[in-house]
2 protein chains.
Amino acid sequence: MAANPAGDGTVAKALDVLDLVAAHARPVRFSDLLGESPYPKATLYRLLQTLVAQGMLSYDPGAGCYTLGIRLVRLAHVAWQQSSLAPIARPLLDRLSAEVGETVHLAQLDNAQVLYVDKRNARDPVRMYSQAGKVGPAYCTGVGKAMLAFLPETHLPGILAQQSWHRFTDRTLTTPEALQADLAAIRARGHAFDNEEHEPGIICVAVPILSTGGQVLGALSVTSTTARSSLGDLARLAPLIGDIAQTIATEAENWRFPEHSTPRTRKRA
Amino acid sequence: MAANPAGDGTVAKALDVLDLVAAHARPVRFSDLLGESPYPKATLYRLLQTLVAQGMLSYDPGAGCYTLGIRLVRLAHVAWQQSSLAPIARPLLDRLSAEVGETVHLAQLDNAQVLYVDKRNARDPVRMYSQAGKVGPAYCTGVGKAMLAFLPETHLPGILAQQSWHRFTDRTLTTPEALQADLAAIRARGHAFDNEEHEPGIICVAVPILSTGGQVLGALSVTSTTARSSLGDLARLAPLIGDIAQTIATEAENWRFPEHSTPRTRKRA
DNA sequence: AAACTAGTTTCAAATAGTGAAACCTGCAAG
DNA sequence: CTTGCAGGTTTCACTATTTGAAACTAGTTT
């Protein structure tokens, strides 16, 4: 949660309130929000009014409840199409899913967390935490570690500092040092494992999706259970998943630089 | 596009810029935005910076391009689940789709336009404009007219004033008067037709989704082609669609008013 | 009727936003 | 080389907007 103490002005506060409303699965009352937000009554009230007037929230006067608004629904849809790897990756995920028959995840980094942007269920589905649109921890998931491993070194410390280091299972890596060691191995090997670090009995292989410049765009993973597979089995899938990640990366880059690709000096990041 | 002259403060401007970025299907340069926005260079610059800092936009320094940000992608999922009729209607759309085998649309009103929030393709798909997440004109689509017809009279004039009245086909109603006459017929009949008014060869029946208070929540339609059906055929589906719309309305209302418990307020904020 | 709760409005103080203009920077033409 | 120019970024005085304590209103409960 930790909200948004970054003093970026009114806009930041308004967006903070949006998140607050989004955090609830159902319509929220004014006073609920008041309790959870750091803003005084009058300020919160005005922010809500503005957001409603803007169509980002909608207000039901009968119930006195706020919900995310229709304008956000529209924007969000465009965002999904335009900004995530999901639309590009969709057919490839379908293919991968059909080929391996296990759960497939496509994720991107959102702040210091993992955002699952798309998912395919296993032929024989397993109940697990992840869900398209949900966020999860980065330090103890396959996709998370795959992405962290290839981040520029300057960004890492900041991100590690934001992890919760909660011990989900007895295999969870709960210190930056332990994670760093794993990240080095991942870099060397090219793919990450999740060895029941987040949920017991759930294991996965993940590969990063990297631009030609080496920038982390996202990650792709295949997940299974200890009952069905071993890490060794999953490791054998790594080359296939890697190829697909590569394809996604290439297509994403072509898409990002249309025809007017100004050969603006790409200094390395 | 007439932007957003509503003087609601900085937040409004920031959201306006968001929309501007969303309006482009691809990454945009600063100067493109500058040309399209009413804001002076410095102001636009600061707005963009804020939005990037907030994760609502993302900026690629290499290409100097802005895209919708990952934070919006995250909001997308919640917005869809929480704010639209889509999650409630999903199983019902599936059923309707299976039963009639034609294209099914679920739409809501966004400002003065129609926002398609969900869609099922016909068994034998037809290429047409609509797409989930896209907006379309209200005055010449079945769902649009079904919603307009049941709007409070006070709102109508404002909405009609915002229509483009573009003549898409020779059957398009291009004046408020012609539309008003059709709306009266729709109110009397309970369902709306689209008689090739938006795309040639495409026809549909639509019914509004109304709350018990008579408020317009959305609309539901079944679309076909003149090659396959006639308006008469579609009219026979109206009762079925109406029932489903009714069910959606009821469930939506139950969902919106979950608590009658009024839990003893815990003070302390 | 009094006491409370939940939401809305006011108003002076001050913060935060504004935008013209100056300023960079890298590229291209002179 | 150096000059000009087109993005893009920063400055700064001016002022409109935001702020939040407190007062207020409308409903409910005691």
Side-chain angles (χ1 to χ4, degrees), chain A residues 3-18 20-21 24 27-54 57-67 257-258 260-268, chain B residues 3-18 20-21 24 27-54 56-67 257 259-269:
Chain A
N4 216 329
D8 227 320
T10 325
V11 175
K13 285 171 203 158
L15 295 176
D16 197 19
V17 172
L18 253 195
L20 208 59
V21 175
H24 294 257
V28 222
R29 300 276 234 20
F30 176 83
S31 42
D32 299 330
L33 293 171
L34 184 57
E36 295 162 35
S37 84
Y39 310 112
K41 228 178 359 170
T43 302
L44 178 64
Y45 181 71
R46 261 176 292 105
L47 287 174
L48 286 168
Q49 284 216 137
T50 306
L51 289 169
V52 169
Q54 291 303 314
L57 289 180
S58 83
Y59 177 64
D60 179 337
C65 281
Y66 294 90
T67 337
F257 300 90
H260 77 66
S261 56
T262 318
R264 224 176 142 79
T265 30
R266 303 282 295 286
K267 33 186 91 164
R268 31 164 277 97
Chain B
N4 215 329
D8 229 318
T10 326
V11 175
K13 284 171 203 158
L15 295 175
D16 197 20
V17 172
L18 257 194
L20 209 58
V21 175
H24 294 257
V28 222
R29 299 291 231 23
F30 177 83
S31 42
D32 299 332
L33 293 172
L34 185 57
E36 296 163 35
S37 85
Y39 310 112
K41 236 196 321 191
T43 302
L44 179 64
Y45 182 70
R46 263 176 292 106
L47 287 174
L48 286 169
Q49 284 216 135
T50 306
L51 289 168
V52 169
Q54 292 302 315
M56 298 296 280
L57 290 179
S58 83
Y59 178 63
D60 179 338
C65 282
Y66 295 89
T67 337
F257 302 87
E259 27 50 83
H260 285 69
S261 40
T262 320
R264 275 293 143 234
T265 38
R266 55 188 235 286
K267 48 213 66 194
R268 175 61 273 192

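Just the heavy atoms: all of them, side chains too, but no hydrogens, waters or symmetry mates, feed the values below. We name chains A, B, ... by the order of the sequence lines, and we start the count at 1 in each one. This structure is a prediction, so every number in the text was calculated from the model and none was measured.
A close approach under 4.0 Å does not occur between any side-chain nitrogen or oxygen of S31(B) and OP1 or OP2 of dA6(D). A close approach under 4.0 Å does not occur between any side-chain nitrogen or oxygen of T10(A) and OP1 or OP2 of dA16(C). Within the 4.0 Å cut-off from OP1 or OP2 of dT18(D), not a single side-chain nitrogen or oxygen of K13(A) is found.
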Protein-nucleotides 8-12 of chain C N/O pairs under 3.5 Å:
residue, atom, partner, partner atom, Å
dT8(C), O5', Y45(A), OH, 3.1
dT9(C), OP2, Y45(A), OH, 3.3

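Nucleotide dT18(C) holds its P atom 12 Å from the CG atom of D16(B), rounded to whole Å. Rounded to whole angstrom, the span from the CG atom of L47(B) across to the C1' atom of dA16(C) amounts to 13 Å. For the pair D60(B) CG and dG7(D) C1', the interatomic distance rounds to 16 Å; values are reported in whole Å. In this structure, the OH atom of Y39(B) is 10 Å from the P atom of dG19(C), given to the nearest Å. The CG atom of D32(A) sits 10 Å away from the P atom of dA6(C) (whole-angstrom rounding). Atom CG of L34(A) is separated from atom C1' of dG7(C) by 10 Å (rounded to the nearest Å).
Taking each heavy atom of A14(B) and L51(B) in turn, the nearest pair found is O-CD1, 3.5 Å. The two residues R29(B) and C65(B) make their nearest non-hydrogen contact at CD-SG, 3.7 Å.
For the atom pair CG (L57(B)) and CG (L33(B)), the distance works out to 8.5 Å, reported to the nearest 0.5 Å. Rounding to the nearest 0.5 Å places CD of Q54(B) at 8.0 Å from CG of D16(A).
Judged as a side-chain contact (heavy atoms from CB on, under 4.5 Å), and not counting sequence neighbours, the contacts of F30(B) are L34(B), K41(B), L44(B), Y45(B), L48(B), Y66(B).
Considering only heavy atoms from C-beta on, T43(B) comes within 4.5 Å of L47(B) through its side chain.
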